[in-house]
Amino acid sequence: MRTIIFATAIRYLTPLFLIFSLYILLRGHNHPGGGFIGGLIGSIAFVFHVLAHGSDRTVNAYFRVKLYSKGKPDDDTPPEHMWRLLSANTWNRLPNYPQPEWRYHIVRLRPAYVMAIGLFLAASSGLLGLFQGMPFMTSWWMEAEIPIIGALGTPLLFDAGVYLLVLGMVLKMIFTMSKE
Amino acid sequence: MLYSLLSGILLAALAPQLQRVLGRYLVVPMVALPLLLFIYYCFFVPEVLQGQAVVQTYTWVPELGINLQFRLDGLSLLFALLISFFGILVMLYASAYLEGDPLLGRFYLYLTLFMVAMLGVVTSDNIFGLFVFWELTSISSYLLIGYKQVDKEARVAAWQALLVTGLGGVALMAGLLLLAMATGSYTFSGMLGQQEVVLQHTFYLPAVLLILLACFTKSAQFPFHFWLPNAMAAPTPVSAYLHSATMVKAGIFLLARLTPILSGSEFWHLSLMLAGGLTAIIGAILALQHNDLKAILAYTTISALGLLVTMLGIGSDYALKAMLVFLLSHALYKGTLFLVAGTIDHSAGTRDLTKLHYLGKQMKYSGTAATLASLSMAGVVPFLGFVGKEMLYEASLENYIMLGITLLTGTAFAAVGILMSYRIFWRRGEEKTQFDHHPDLRLYLPPLVLATGGLLLGLLVSVVPANLLQAAVRAVSGNPEMELKLALWHGFTPVLGLSLLTLLLGLLAYLFLPSLRNKVTAIHPLYRFGPNALYHKLFELFLHGSTTFILWLQNGHLRSYVMYIMIFFCGLLFFTLWRDTPGLDIQERIYQLHEVRLYELVIFFLVISALVFLMGTRSRLTSIVVMGLIGYSGALFYILFGAPDVAATQFLIETLTVVIFVLLMHKLPAFIYLSHQFRKYKFIAIAVLFGGLMTYVMLLVQQQAVDSELREYFGKASYVEAHGRNIVNVILVDFRGLDTLGEITVLAVAALGIFSLLRLNPEKGDKP
């Protein structure tokens, strides 16, 4: 499976797939699509990435962030220091940081967390109605429409929860199976 | 009232975290909660004393009659005050008893949860609310008994308590539902005053049987009494709180609560008197055979519970009054004695009666508390126990059997009272027991408070408790006019003579206890046939039976599971078809074949040929690909019939399945035929049967075209009400959103199950 053409193509295709899956998620309310289908497409994007590159590299590329930090030098004010950290972690990322001074933390988003977040989103989308004194899962819509996304409302939040749950579940399955 | 309970649940949930923050000062918020609750309930006293019941309602699921309705009448208030007051003392006591325990936060979690549940039980008006809290008390009791989870004994006892009281809980739900069906009301307030209706109803007998089962299991009545002594494996504060003062009285509470609704039939009175009387005798006899302080107290508790049930069974006005007075006095002295037993255990390291001598010198305050409580237990003059005992005698005077039972239990109580005070605290002569350490304030203050309470309430009996008990007895009897006059001294009556006789007999029993004990060892072999042994036999039988059954049913072969599901489904379909016998007009169906399009035929033959090929193939890769082909063909059908969402899902799922299979391909063992030829034919037969049946059902469904309003409704409402044009999706995420939420929850849970299975490595010896 790991031919160079496939691997290279997948590297560019995976983000495209992901964007497409988000598009499917958002259009679901008016056209064929929705959270479940979107989640499946998104997970297929990652499945192909795993097939082409192996699960470790997929995790590295999409689910792991290396964050750098260092102690505050005395001559920096706290906002300055925060700004410096922010820039070092985003637009001014270096491939190698000087070691004793900089510490790094690896933050990993595990598929199980994705599932949990999805379930939480879906369940909490119903709470909004509850707090307004209406039955659980009474939907609530924003008045204004946003271009591309369309109207926002709790059903969309619910759908996003479904999306994340499906995505997390397939990811977890793929990662577990490919590791054995 | 809801918020008072919710605050308790919140604090309970926070307890383990608070322990980390507060350390040994964790006790402060934990004691503050019952204290605040006690004060809160005190505010209701004037209102309730005037004969009004405080009712508060919060809607929950009004469509099903499930609401959080709270009702505070005299009976509820009496219990609520008892529970919260005991809560204060027990929380304080536990902090010293379990000092330094790393899991103290968890202990407080369980204990607070229990207290809240118990308050819920006594204040609930709605039967569903009552049931929820009732079960919560069982569960928290289970957790508390099994608190020392390293002990096998504690675990077994916890299981036993949970199973026995859980059985009662199920019966309770059924009984209360029957009662609700008979009266047409889901609240006790609504049921009140319908006694005549209930008594005449056909559901009366089953409802009473089920409710009695619930109350007898909870309140440890014969033959379900065996779990209570075993539950003494719990830490002593738990025994004092749950298994003498509060939880075991939940059954009594419910019986009292239902007395104005259910009493009046011969069956009710007789069964209560019989069960209560038997329990009282058995408890009294067994109490004198043990050396363990807690066991003795446990059996006297059983005996006292039996007496309470007997009084409810007699059911006369006087008996109900006696029941309430005795309940209060029993809670006070039994709580004290349990706490003192815990203090002794904590300080001396043993609860064995034969090893404890002359403790009074070293633990003066505990000794005083125990003596005061024992005097109350024995029924000596200025104590509340005396009033309770007098009233018990007076209530049972009419019936000689009842009188005998009361006398016997009174004798046992007096003997135990002497045992618990004189024998272990004050009797000189023998070498005194060595102490590990002396008890501190938190260990002797709570029992002292309780014991003094017993004395004070006895002295002030006509002033303080009388009003509250009057409100309670009005609630129990259902008669709002009933008067309750209490007096410490009744004059020289036959009852006083009986009281003195009891004390004398108690003293005699205490003196001849060693020789009596030797005599009764002769009946010990009988225990092999007792309820406890029976329980263990049944338990083993159940485990064995279910193991055998599960091994047969879940044998680890996927094909068997699929087969069972199909056969069961076929059975259900056959049953429905046989019951309804719908006719199928085949002529018309065949005529419809004219409408078949060419592309439908093409896909049809594609699927058929793929299936035939699939059965012959020996290569796994080929079969996966062909399976994918079949799936895609199915998706094509969906597209042709205008269901793009379903088709898209099907396409994606097929793709994923094939890809995952490919991923796992090299890990699967080589393809070999293991099945016997005969078995293959069996599977073919089942598959054909299932397929044929499904086809038949599909044809039937099509024939009886359903004229549904739903299609039109969703078509319209989808855009107007839910702002979406894709009806399928709108139904999924909005109209039936709760269903979807349930489905994705199932999906998540199933996924977690699958992953834990995938993680298993059977070759390394992991077991599921």
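Residue numbers start from 1 in every chain, and the chains themselves are labelled A, B, ... in the order their sequence lines are given, proteins ahead of strands.
- The main-chain N or O of B:Gln650 is never found under 3.5 Å from a side-chain atom of B:Tyr632 such that the two would form a donor-acceptor pair.
- A:Ile37 touches chain B through backbone and side chain together, each having a heavy atom under 4.5 Å away.
- Proximity to chain A involves both the backbone and the side chain of B:Val730, based on heavy atoms less than 4.5 angstrom apart.
- Only the backbone of B:Leu732 comes within less than 4.5 Å of a heavy atom of chain A; no side-chain atom from C-beta onward does.
- Residue with the most contacts toward chain A among B:Leu752, B:Leu747, B:Ile660: B:Leu747 (heavy-atom pairs, distance under 4.5 Å).
- Taking the ring centroids of A:Tyr62 and A:His49, they lie under the 6.0 Å cut-off.
- Of the listed residues (A:Val47, A:Ile24, A:Leu119), the greatest number of heavy-atom pairs within a distance under 4.5 Å of chain B belongs to A:Leu119.
- When heavy atoms are compared at a cutoff of 4.5 Å, B:Thr655 approaches chain A solely by way of its side chain, counted from C-beta outward.
- Looking at B:Asp645, its side chain does come within 3.5 Å of a backbone N or O of A:Gly33 through a donor-acceptor pair.
- No side-chain donor from either of B:Ser619 and B:Thr617 sits under 3.5 Å from a side-chain acceptor of the other.
- Checking A:Thr58 against A:His53 by side-chain atom types alone, no donor-acceptor pair falls below 3.5 Å.
- Looking only at distances, a side-chain donor or acceptor of A:Glu80 sits under 3.5 Å from a matching main-chain atom of A:Thr77.
- Contact count against chain B (heavy-atom pairs under 4.5 Å) is highest for A:Lys172 among A:His31, A:Lys172, A:Met115.
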